[in-house]
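Just below is one structure, and these are the notes that go with it.
Read the numbers this way: they start at 1 and go in the same order the structure lists the ligands and their atoms. Bear in mind the structure is a predicted one, so any value in this text is a computation, not a measurement.
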Amino acid sequence: MSDGTEATSPRRLAVCWSGGSGIAYGRRLVEVLLELGHEVHLAATGAALRVLEHEGGVRPPDDLATLFAGPLRARLRVHALDAVESTPASGSARLTATIVVPCSMGTLARIAHGWSSNLVERAADVALKEGRPLVVVPRETPLGVLHLENMLKLARLGAIVLPAMPGFYHRPRTVAELVDFVVGKILDRLAIDHDLVRRWQTPSQSPSAEAAGPFDEGER
Ligand SMILES: Cc1cc2nc3c(=O)[nH]c(=O)nc-3n(C[C@H](O)[C@H](O)[C@H](O)COP(=O)(O)O)c2cc1C
């Protein structure tokens with residue numbers, strides 16, 4: 001992993017929002033990918049838009065692209081949920097990866113069973129069938145047996161199950177830092193360079209180093 005200044009070559013990714021809590025993770029992932037120069041194909045379920053309203057205090061705009069700063073939108077393609085003719089619906093589009101974040105238990109179950117009733121589920125199904133990275137970021141607590149079985153099934157099918165479980169060892173002070181922890185984990189798993197989080201290193205015995213925290217010098 002670089003120090004964040006060495007850019008990963010531009011990738012083309014599908015980011016799908018479903019109706020789990022934590023729409024902030026999905027929004028931030030899109031923002032960071034666009035800032036890093038990657039092309040993003042975005043689809044959202046109806047429940048995701050409801051969560052956006054409840055959690056983000058944002059009335060879902062007719063065009064989701066307007067949630068992002070103007071200059072970033074050039075690399076963003078927003079697709080309707082029923083747009084099964086769109087890029088993420090086809091294996092021939094050769095997307096680098098598909099990320100479902102947040103991933104509701106309903107969408108998780110449908111992906112695990114190949115339901116493909118909308119573009120989000122179809123994009124995930126395409127990633128699995130093509131053997132391309134599929135990252136699902138489930139969020140629910142407590143987890144029932146059905147949820148756990150569906151996650152295990154997806155993991156066995158080759159999906160990367162990356163629960164929205166921010167760590168605290170980097171001493172976060174803001175919600176934004178907790179969000180970036182999870183987004184950073186997604187990017188790490190896809191080998192996309194970023195500098196969203198400070199990286200752990202062997203804790204020092206020195207009291208002054210301990211006060212600063214066990215992180216690489218110069219990294220945030
Ligand atoms: C504010 C809010 C938070 C929710 N949080 C979760 C959650 O964390 N996990 C989950 O599985 N469902 C959650 N739900 C319920 C899902 O949105 C609901 O099951 C929906 O049918 C999922 O649809 P989708 O899979 O098509 O997005 C939440 C709903 C709302 C309104």
query = Of all the atoms in ligand 1, which lie at a distance below 4.0 Å from a heavy atom belonging to Thr45?
reply = 24 (P), 26 (O), 27 (O)
Arg110 side, atom CZ; Ser18 side, atom OG - distance, nearest 0.5 Å = 8.0 Å
request  = Give the intermediate values and the outcome of side-chain hydrogen bond (donor to acceptor under 3.5 Å, both in side chains) for residues His147 and Glu149.
outcome  = CA-CA 5 Å; His147 305 145; Glu149 283 182 352; over 6 Å; no
Subset of ligand 1 atoms that lie under 4.0 Å from at least one heavy atom of Thr107 = 24 (P), 25 (O), 26 (O), 27 (O)
Other ILVMFWY residues reachable from Leu143 by side-chain steps of under 4.5 Å = Leu81, Val100, Met105, Leu108, Ile111, Val120, Leu128, Leu134, Val136, Leu148, Met151, Leu154, Leu157, Val161
query = So how far is it from Cys103 SG to Glu140 CD, rounded to the nearest 0.5 Å?
reply = 11.5 Å
Test item: side-chain donor near acceptor, Asp180 and His194, under 3.5 Å = no
Nearest non-hydrogen protein atom, atom 9 (N) of ligand 1 = Arg139 O, 2.7 Å
key: Nearest protein heavy atom with distance in Å, relative to atom 11 (O) of ligand 1   = Met105 N, 2.7 Å
key: Protein contact to atom 10 (C) of ligand 1 [nearest heavy atom, distance to 0.1 Å]   = Glu140 OE2, 3.5 Å
ask   = Hey, what's the ring geometry for His41 with His79, parallel, tilted or perpendicular (30° and 60° as the breaks)?
value = parallel
note = Any heavy atom of Arg50 under 4.0 Å from ligand 1? The part involved is neither
message = Among all protein heavy atoms in this structure, tell me which lies nearest to atom 1 (C) of ligand 1, with the distance rounded to 0.1 Å.
response = His54 CB, 4.0 Å
request  = Any chance you could measure Leu33, atom CG, to Arg28, atom CZ, to the nearest 0.5 Å?
outcome  = 10.5 Å
message = I need the nearest protein heavy-atom contact for atom 26 (O) of ligand 1: residue, atom name and distance, please.
response = Arg110 NH2, 3.3 Å
inquiry  = With the threshold set strictly below 4.0 angstrom, can you tell me whether any protein non-hydrogen atom sits that near atom 18 (C) of ligand 1?
reply    = no
query = Relative to the heavy atoms of Ser18, which atoms of ligand 1 are at a distance of less than 4.0 Å?
reply = 27 (O)
note = Ranked by distance from atom 6 (C) of ligand 1, the top protein heavy atom is Ser21 N, 3.4 Å
message = Could you work out, for atom 12 (N) of ligand 1, the closest of Cys16, Gly19, Cys103 by heavy-atom distance?
response = Gly19
task = Return a yes/no value for Ser104: is any of its N or O atoms, backbone included, closer than 3.5 angstrom to an N or O of ligand 1?
result = yes
message = Tell me if the centroids of the rings in Phe181 and Tyr25 come within less than 6.0 Å of each other.
response = no
Could you list the donor-acceptor pairs under 3.5 angstrom formed by side chains in residues 68-78, with sequence neighbours left out?
unit_1 : atom_1 : unit_2 : atom_2 : d
Arg73  : NE     : Ala65  : O      : 3.1
Arg73  : NE     : Phe68  : O      : 2.7
Arg73  : NH2    : Phe68  : O      : 3.0
Arg75  : NE     : Leu34  : O      : 3.3
Arg75  : NH2    : Leu34  : O      : 2.6
Arg77  : NH1    : Ala74  : O      : 2.9

note = Taken to the nearest 0.5 Å, the spacing of Ile99 CD1 from Thr96 OG1 works out to 9.0 Å
note = shortest atom 23 (O) of ligand 1-to-protein heavy-atom contact is with Ala47 CB, 3.4 Å
task = Return the residue, atom name and 0.1 Å-rounded distance of the protein heavy atom closest to atom 2 (C) of ligand 1.
result = Val51 CG2, 3.7 Å
